[in-house]
Amino acid sequence: MNGAALLSSLRCPVIPVVMIDRLTDAVPLADALLRGGISALEITLRTPAGLDAISAMKQAFPESMIGAGTVCSKQDYDRAAAAGADFIVSPGATDALFGAADHHALPFLPGAVTASEILKAIEHGYSVLKFFPAETSGGAPAISALAGPFPGVSFMPTGGITRDNLGTYLALNSVSAVGGSWLTTKQMIADQAWADIYAEAVETVVQAEAIKTGDGQ
Ligand code: 3PG
């Protein structure tokens with residue numbers, strides 16, 4: 001499976017970006033999101049519990065798509081693959097990351113926001129790219145402008161996306177999914193607010209479906 005197949009397989013084109021501090025939160029958090037209709041999660045490696053959280057979620061929900069995010073080195077890449085990650089996301093891209101990706105049969109979504117970064121990703125064979133940080137890199141208008149010279153590229157923007165601006169991104173043909181931490185904020189996880197996370201997932205799924213079918217924002 002490549003990045004394009006991964007994103008087109010999602011029931012909902014929204015990927016929560018999750019930071020787990022306590023390993024015991026991993027399974028109930030994933031349960032709330034998956035029951036709410038979300039089908040893929042990006043667990044960042046920004047916390048020491050990230051890798052174990054991926055393994056715990058995969059064990060509890062083998063059918064779900066659990067990816068690793070904030071993968072910034074070959075070592076991160078190898079560890080995330082060993083932990084059972086279904087896909088790999090990086091905020092940017094380096095030769096070391098492209099090299100690591102060649103050694104694993106996992107979908108890889110490298111980060112790119114400039115024309116030169118996009119060209120480099122294309123040279124390495126990637127056409128589905130993370131666009132981060134989306135809002136401060138020009139947001140939806142920037143992605144729309146980049147679709148001109150790069151009609152074959154599809155983006156997964158993250159960074160500053162919420163339910164308020166979700167529609168401006170998902171309305172673009174060049175956006176196949178969006179990501180963000182608004183469904184699982186630090187406070188929600190600290191409070192173990194699984195019911196709130198479930199409710200946010202349900203609302204987000206409904207909103208995303210309405211946008212993709214042209215019924216609203
Ligand atoms: C990411 O890694 O994709 C971002 O940190 C998510 O950004 P957000 O917290 O602004 O949603």
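Order of listing sets the numbers, starting from 1, for every ligand and every atom in it.
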At less than 4.0 angstrom from any non-hydrogen atom of G180, what atoms of ligand 1 do you find? 11 (O)
Run the ring-centre check on Y126 versus F98 and record whether the distance is less than 6.0 Å. yes
Assess T70 for proximity to ligand 1: is some non-hydrogen atom of it under 4.0 Å away? no
May I ask you to check whether K130 has an N/O atom sitting below 3.5 Å from an N/O atom of ligand 1? yes
Atom pair CG (D86) and CE (M57), whose distance is rounded to the nearest 0.5 Å: 12.0 Å
To the nearest 0.5 angstrom, please state how far the CD atom of E203 sits from the CG atom of L183. 11.0 Å
Using the ring of each side chain (for Trp, its six-membered ring), is F108 parallel, tilted or perpendicular to Y77, with breaks at 30° and 60°? perpendicular
Please state whether G69 comes within less than 4.0 angstrom of ligand 1, counting heavy atoms only. no
Report the distance from atom CG of D25 to atom CH2 of W194, rounding to the nearest 0.5 Å. 4.0 Å
Residue and atom name of the nearest protein heavy atom (relative to atom 4 (C) of ligand 1), distance in Å to one decimal: F132 CE1, 3.5 Å
If you measure every N or O of G160 against every N or O of ligand 1, does any of those distances drop under 3.5 Å? yes
Taking only distance into account, with no hydrogens and no angle test, what donor-acceptor pairs under 3.5 Å do side-chain atoms of residues 3-13 form with protein atoms, sequence neighbours excluded?
unit_1	atom_1	unit_2	atom_2	d
S8	OG	A4	O	3.1
S8	OG	A5	O	3.3
S9	OG	L6	O	2.7

Any N or O on S181 sitting closer than 3.5 Å to an N or O of ligand 1? yes
Between R46 and ligand 1, find which residue part has any heavy-atom pair under 4.0 Å and reply side chain, backbone, both or neither. side chain
Just verifying a value: how many Å separate L34 CG and I38 CD1, rounded to the nearest 0.5 Å? 8.5 Å
Pairs of nitrogen or oxygen atoms closer than 3.5 Å, one from T158 and one from ligand 1: do any exist? yes
